[in-house]
Amino acid sequence: MRVVIVDDAEAAACRAAQEIAALVRQKPDAVLGLATGGTPVRCYRELIRLHQHDGLDFAAVRSFNLDEYLGLPADHPQSYRRFMQENLFDHLNIPCEQTHVPDGMASDIDAFCQQYEQQIQAAGGIDLQLLGIGSDGHIAFNEPGSSLASRTRLKSLAAETVRDNARFFGSEADVPKLAITMGVGTIMESKQCLLLATGANKATAVREAIEGAVTARVTASALQMHPHTIAVLDAPAAAQLEFADYYREAERLNESVRNTPAH
Ligand SMILES: N[C@@H]1[C@@H](O)[C@H](O)[C@@H](COP(=O)(O)O)O[C@@H]1O
């Protein structure tokens, strides 16, 4: 796994946005897997800036979001559809019908989950999946103990996840306890994964995900088995990595090779 360590959250957001922008420029109809939560907000802000000031064009881009709380209608202030509209889609030229967020009000959940998987396949699969990471090392809402081969399905949220997300709802009691989430297996089929993590509160999860055992206890650790994953971290999130100095030197050398004109 490529590990890119930068100074702070803003630099990490810009670095992640650069990766996404490079793909969209190279493949205008790219299929993006998108994430929610506090971490991606700065990255989305940079994508909006690139669209508004550098002409980054999202007209042919398709997107699939990782998850949605069960029972929240799309217009609920804390629904992930609302989050994506307010933090990204409303500020880009991506047609709404090309954006997909799991339906928190689906009447037949199993049928919806199968349909979501089929839609991803019909789009040609996800080209780049942006991922955050929970403080317990989960990706999407694949909580500890989730199968590393799981597909889109209904999951119950772990107590730590409910606590972490209570900040968006006002109290733990108001946090939905169930969500529809892409599975680890679904995520692993993405052509590329981009793990974005910032803040000291993610340092343990990041260490376990990148340098720990591949285990269902830390579903982000499955990314060690993905052939094209880049982890973009700020210094606080990378603070517990045993091989941080090696990652920094490897990235410096990679950059020098990438920036050397071909002979
Ligand atoms: N389902 C989301 C994840 O996709 C996200 O990565 C995680 C961390 O969010 P934050 O970036 O706010 O720490 O929160 C939730 O669990």
Side-chain angles (χ1 to χ4, degrees), residues 8-10 12-13 16-17 32-46 63-72 76-84 86-88 100-104 113 116 126 128-146 150 152-170 172 174-184 186-188 190 193-206 208-210 217-223 229-234 236-238:
D8 54 35
E10 190 60 34
L32 298 179
L34 296 176
T36 54
T39 305
V41 171
R42 286 188 173 95
C43 175
Y44 294 156
R45 209 172 288 154
E46 176 61 9
S63 74
F64 289 87
N65 262 79
L66 287 166
D67 42 23
E68 177 61 277
Y69 292 110
L70 188 70
L72 296 193
H76 185 284
Q78 295 312 324
S79 81
Y80 282 169
R81 164 56 79 177
R82 177 97 176 249
F83 172 96
M84 291 305 302
E86 292 177 352
N87 288 283
L88 187 64
H100 305 80
V101 179
D103 178 3
C113 291
Y116 203 68
I126 291 171
L128 185 152
Q129 176 65 60
L130 176 64
L131 294 163
I133 186 170
S135 57
D136 62 0
H138 74 244
I139 45 178
F141 276 127
N142 293 288
E143 302 287 42
S146 297
S150 51
T152 301
R153 71 214 181 288
L154 184 68
K155 278 294 282 184
S156 56
L157 305 192
E160 185 169 346
T161 300
V162 171
R163 275 196 301 279
D164 287 348
N165 288 349
R167 71 189 195 273
F168 298 116
F169 289 84
E172 288 189 26
D174 295 330
V175 180
K177 303 302 181 285
L178 292 164
I180 293 175
T181 181
M182 278 192 209
V184 180
T186 316
I187 292 166
M188 291 294 283
S190 303
C193 289
L194 196 169
L195 176 65
L196 176 61
T198 59
N201 65 317
K202 299 296 175 70
T204 301
V206 162
E208 293 195 338
I210 295 174
R217 195 177 61 79
V218 180
T219 52
S221 65
L223 295 172
T229 289
I230 177 172
V232 178
L233 313 170
D234 71 356

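As the structure lists them, so they are numbered: ligands from 1, and atoms in each ligand from 1. Just the heavy atoms: all of them, side chains too, but no hydrogens, waters or symmetry mates, feed the values below.
The side chain to side chain contact (heavy atoms under 4.5 Å, CB included) test with T36 singles out one residue from L66, N87, D67, V101, and that residue is D67.
Taking 4.5 Å as the limit, every side-chain heavy atom of Q129 sits out of range of all side-chain heavy atoms of L34.
Partners of Y69 by ring pair (Phe, Tyr, Trp, His ring centres under 6.0 Å), not counting sequence neighbours, listed by chain and number: Y80, F141, F169. Scored by the side-chain hydrogen bond (donor to acceptor under 3.5 Å, both in side chains) test, S156 finds no partners at all (sequence neighbours excluded). With sequence neighbours left out, R153 forms a salt bridge (Lys or Arg N to Asp or Glu O under 4.0 Å) with no residue at all.
Of the inter-residue distances, the one linking R81 atom CZ with E68 atom CD reads 9.0 Å to the nearest 0.5 angstrom.
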Contact table, ligand 1 N/O with protein N/O, distance under 3.5 Å:
| residue | atom | partner | partner atom | Å |
| --- | --- | --- | --- | --- |
| ligand 1 | 1 (N) | D67 | OD2 | 2.7 |
| ligand 1 | 1 (N) | A140 | O | 3.2 |
| ligand 1 | 6 (O) | I133 | N | 3.3 |
| ligand 1 | 11 (O) | G38 | N | 3.4 |
| ligand 1 | 11 (O) | T39 | N | 2.9 |
| ligand 1 | 11 (O) | T39 | OG1 | 2.6 |
| ligand 1 | 12 (O) | G38 | N | 2.7 |
| ligand 1 | 12 (O) | R167 | NH2 | 2.6 |
| ligand 1 | 13 (O) | K202 | NZ | 2.6 |
| ligand 1 | 16 (O) | H138 | NE2 | 2.6 |

